[in-house]
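Since the structure comes first, as structure tokens, the remarks are kept for the end.
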Amino acid sequence: MSRIVLVTGGGSGLGKAVAARFRAAGDTVVVTGRNAGRLARTAGELDVRPIPCDATDPGQVARLADELGPDLDVVVNTAGGNTDLGVDQGPGLEGVLAAWRANLDANLLSAVLTTTAVLGKLRPGGTIVTVGSIGAEYASTSYGAAKAALAAWTAGLSSEVGPKGLTANLISPGYIAETEFFRGKLTEQRRDALVAATHNGRAGQPRDIAETTYFLASEGARHITGQTLHVNGGAHTTR
Ligand SMILES: NC(=O)c1ccc[n+]([C@@H]2O[C@H](COP(=O)([O-])OP(=O)(O)OC[C@H]3O[C@@H](n4cnc5c(N)ncnc54)[C@H](OP(=O)(O)O)[C@@H]3O)[C@@H](O)[C@H]2O)c1
């Protein structure tokens with residue numbers, strides 16, 4: 001059966017790979033992002049529907065929900081990134097506050113707003129997948145804190161939506177190459193260190209996250225909910 005899939009941040013990187021994976025299976029896919037030009041290019045390339053939307057803006061998210069039809073099967077919250085990268089923090093406590101709010105907005109509240117706005121559209125058997133980060137384990141920054149909060153929120157969301165036949169999970173990627181996450185600022189030394197921290201000696205690829213997301217939305221994953229799935233080549237292990 002063809003499903004209807006919403007991918008926030010679907011114009012590039014992991015979101016684009018996720019959108020391509022569902023589209024390849026014949027699903028109807030909607031992608032969102034702030035950069036309307038890039039979103040339109042991706043949409044043309046993948047044969048998916050673009051809806052420009054800043055996931056941190058309640059008005060734009062409400063409009064997105066209105067533009068979507070009444071039904072949805074899969075929501076993938078990929079929109080986000082480390083808002084500290086390439087930006088000088090302003091002075092004093094005001095600067096600290098602004099920097100923390102930016103990361104909480106971009107990574108935590110974006111997913112909360114989008115999911116809340118479309119929750120009523122999700123049909124039984126549906127799935128919510130949100131993209132966290134290994135930074136929740138190791139980065140003692142506002143970015144890491146925002147991603148850690150996503151895990152707590154996902155657990156609560158799972159208990160809320162479970163009785164409706166929906167699942168909610170968090171995918172926590174390690175370092176994934178070939179996205180715009182690092183804004184061209186990743187040094188070779190740091191990249192080598194990130195790869196060396198894995199057990200399989202390679203960087204993650206957007207496809208690794210796309211396939212895991214696709215699995216979580218599949219029939220075989222209906223009893224997996226409220227979980228954080230780590231996709232990092234062993235860079236962070238769990239018990
Ligand atoms: N790459 C990694 O190593 C890595 C590791 C762990 C976790 N992650 C997470 O993976 C997710 C995807 O990142 P990526 O690596 O694929 O980087 P990316 O290529 O920069 O993708 C991020 C996407 O999110 C969109 N976006 C950002 N803020 C948005 C907002 N407020 N509203 C709507 N869309 C927004 C961006 O589009 P616009 O700029 O057009 O809005 C962009 O398409 C992020 O949540 C990131 O934190 C990445």
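Below, all heavy atoms of this structure are taken into account, side chains as well, without hydrogens, waters or symmetry copies. Each ligand, and each atom within it, is numbered from 1 in the order the structure gives.
The protein atom (non-hydrogen) at minimum distance from atom 33 (C) of ligand 1 is C53 O, 3.3 Å. The protein non-hydrogen atom at the shortest distance from atom 31 (N) of ligand 1 is D54 OD1, 2.9 Å. Here the protein heavy atom with the shortest distance to atom 29 (C) of ligand 1 is R34 NE, 3.5 Å. Shortest contact from atom 32 (N) of ligand 1 to any protein heavy atom: A55 N, 2.8 Å. Looking only at heavy atoms of the protein, atom 38 (P) of ligand 1 is closest to R38 NH2, 3.3 Å. Atom 15 (O) of ligand 1 has its closest protein heavy atom at T179 OG1, 2.7 Å. The shortest contact between atom 16 (O) of ligand 1 and any protein heavy atom is with L14 N, 2.8 Å. For atom 5 (C) of ligand 1, the nearest protein heavy atom (residue, atom name, distance) is G174 O, 3.2 Å.
Residue G13 approaches ligand 1 through these ligand atoms, each under 4.0 Å from one of its heavy atoms: 16 (O), 19 (O). Counting the atoms of ligand 1 from 1 in the order shown, those under 4.0 Å from a heavy atom of T56 are 31 (N).
Comparing S110, G15, G9 against atom 25 (C) of ligand 1, the shortest heavy-atom distance belongs to G9. Of the candidates Y175, Y143, F182, Y143 brings a heavy atom nearest to atom 47 (O) of ligand 1. Compare T78, V131, T114, D57 by their heavy atoms: the one nearest to atom 9 (C) of ligand 1 is in V131. Residue nearest to atom 3 (O) of ligand 1, selected from V7, I176, I171: I176 (by heavy-atom distance). For atom 43 (O) of ligand 1, the nearest non-hydrogen atom from the set S12, A111, A36 comes from S12. The option with the heavy atom closest to atom 26 (N) of ligand 1, from among G33, G80, G81, is G80.
Heavy atoms only, all atoms of each residue included: G81 and A106 are closest at O-CB, 4.3 Å.
Ligand 1 has at least one atom lying under 4.0 Å from a heavy atom of G132.
Contact annotation: for R183 versus ligand 1, heavy atoms closer than 4.0 Å belong to the side chain alone.
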